[in-house]
Number of protein chains: 2
Amino acid sequence: MSDLRARNRQATREAITTAALRLAVEQGPGGLALVRVNDIASAAGVSPRTYNNYFSSREEAICGGQADQSRRAGDALRARPAGEPLDVAVTEAMVGLFTDPEPDRAGLRMIMLTPELEGEALRAFAVGEASLAEAIAERGGETGLCPEVTAAAVVAAIRVAGRHWLTPAANQPFADVIRRALGCLFSPGRTSR
Amino acid sequence: MSDLRARNRQATREAITTAALRLAVEQGPGGLALVRVNDIASAAGVSPRTYNNYFSSREEAICGGQADQSRRAGDALRARPAGEPLDVAVTEAMVGLFTDPEPDRAGLRMIMLTPELEGEALRAFAVGEASLAEAIAERGGETGLCPEVTAAAVVAAIRVAGRHWLTPAANQPFADVIRRALGCLFSPGRTSR
DNA sequence: CAAGAACTTGCGTGTCACGCACTATTTGCG
DNA sequence: CGCAAATAGTGCGTGACACGCAAGTTCTTG
């Protein structure tokens, strides 16, 4: 148990994020102000002061889970076979990362479609850009601007895909929407419907 | 007089954003907490309560100018000649929009490189996505996913370009960096140095 | 097993966002 | 030309919040 401490820490962090997101979903996008810090803390089994040691705002706590997921983007790409072309490697890595457990619709809807959460939601997705850019740079041998642009564009495309997946009209698996969105990015000529 | 009222409103809004950004730059990225609401309001010549009618957080006020600029992305694209290919039209439109007055380095550095401002900064850039996507859809005739993905990717590339332009090492005009970043997006094969 | 690091918690404080009620200015209409 | 309705600015009061500080508690390490 080299790090019993680190695991406890991660556990409480997750307890807080899941509690925060659950309470937010219960109140719906309109009543975000009704989700009190005390409620989140007690729901997570922790003192309000401890909650505040982990997150410095309700918004950050609610979107913390999304941030943790995005942060693994680089590792997801690194796990792809080395011979694979970059575009399919990225696509499959992102599909795996974001649909391995198909995300909870209500949770994602809360995070992405609540105006007061918009900033933190963008931040949560953006934390993946750095690690993804690094992984892309390793794979392509390139360095500097292009990998970062590609990484940021990929993350942006996934955001758009998420928005579309939440649309009541389109009732397709999230994986398909992500593939279509990244297709728009990687093969601009072909208009995939 | 097309609405004296609307113009006054825009004037006070700009007064608040410029005051907020100026004070923030004065304190530097570290001392954001020292920028009090009272200071911003009095520097803008309005009451603190009025400041709060326009913005609901310091961060929003500081990044308000950036948001206003990004919001014009759609119009900037529409102003390009109709025959132009999409990629060059977008590139030139964005170069014009973001470098017509070369941005203030200190201000952009404050907005983009202050951790507490990251969420609002992303939000400020993201407000341009909707209008840009609409303009792209009009031009290309397409609708749905692809224009939105392209718009989001373009905005993301500009963000990365801004980050690179702020790097002390690279001392190039902002326009060049934007062109290189969008080049990474539109012609992925060519590795522009 | 003891010293010290890391984590949690309670308390106190300064700041903030916002609802409400009131005043002043602008607009549109008879 | 004035009068009513709409809109913006302001002061006050309140509830919530983020965080510094200083204990107390649990884990790590030599």
What does nucleotides 20-25 of chain C look like as a protein-contact string, B for base, S for sugar-phosphate only, - for none, at under 4.0 angstrom between heavy atoms? B----B

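Residues A/Glu138 and A/Arg78 are paired through a salt bridge, judged by an N-O separation under 4.0 Å between the basic side chain and the carboxylate.
Proximity note for A/Thr12 (side chain, C-beta onward) versus C/dT8, D/dA18, D/dG9: the nearest is C/dT8. Checking C/dT8, C/dA17, D/dT10 against every side-chain atom of B/Thr50, the shortest atom distance belongs to D/dT10. Proximity note for A/Arg36 (side chain, C-beta onward) versus D/dC19, D/dT10, D/dC17: the nearest is D/dC17.
The distance from atom CZ of A/Arg9 to atom P of C/dA5 is 17 Å, rounded to the nearest whole Å. When the P atom of C/dG10 is taken as reference, atom CG of A/Asn38 falls 11 Å away, rounded to whole Å. In this entry the distance linking CD1 of B/Ile16 with C1' of D/dT10 reads 13 Å, nearest Å.
Of the two residues contacting DNA chain C, namely A/Pro48 and B/Ser56, the nearest-nucleotide position lying further toward the 5' end is that of A/Pro48.
Among the heavy atoms of the strands, none lies under 4.0 Å from B/Phe55. Counting any heavy atom pair closer than 4.0 Å across all strands shown, A/Asn53 reaches a base atom.
For residues 162-178 of chain A, the salt bridge (Lys or Arg N to Asp or Glu O under 4.0 Å) pairs, not counting sequence neighbours, are A/Arg163-B/Glu148.
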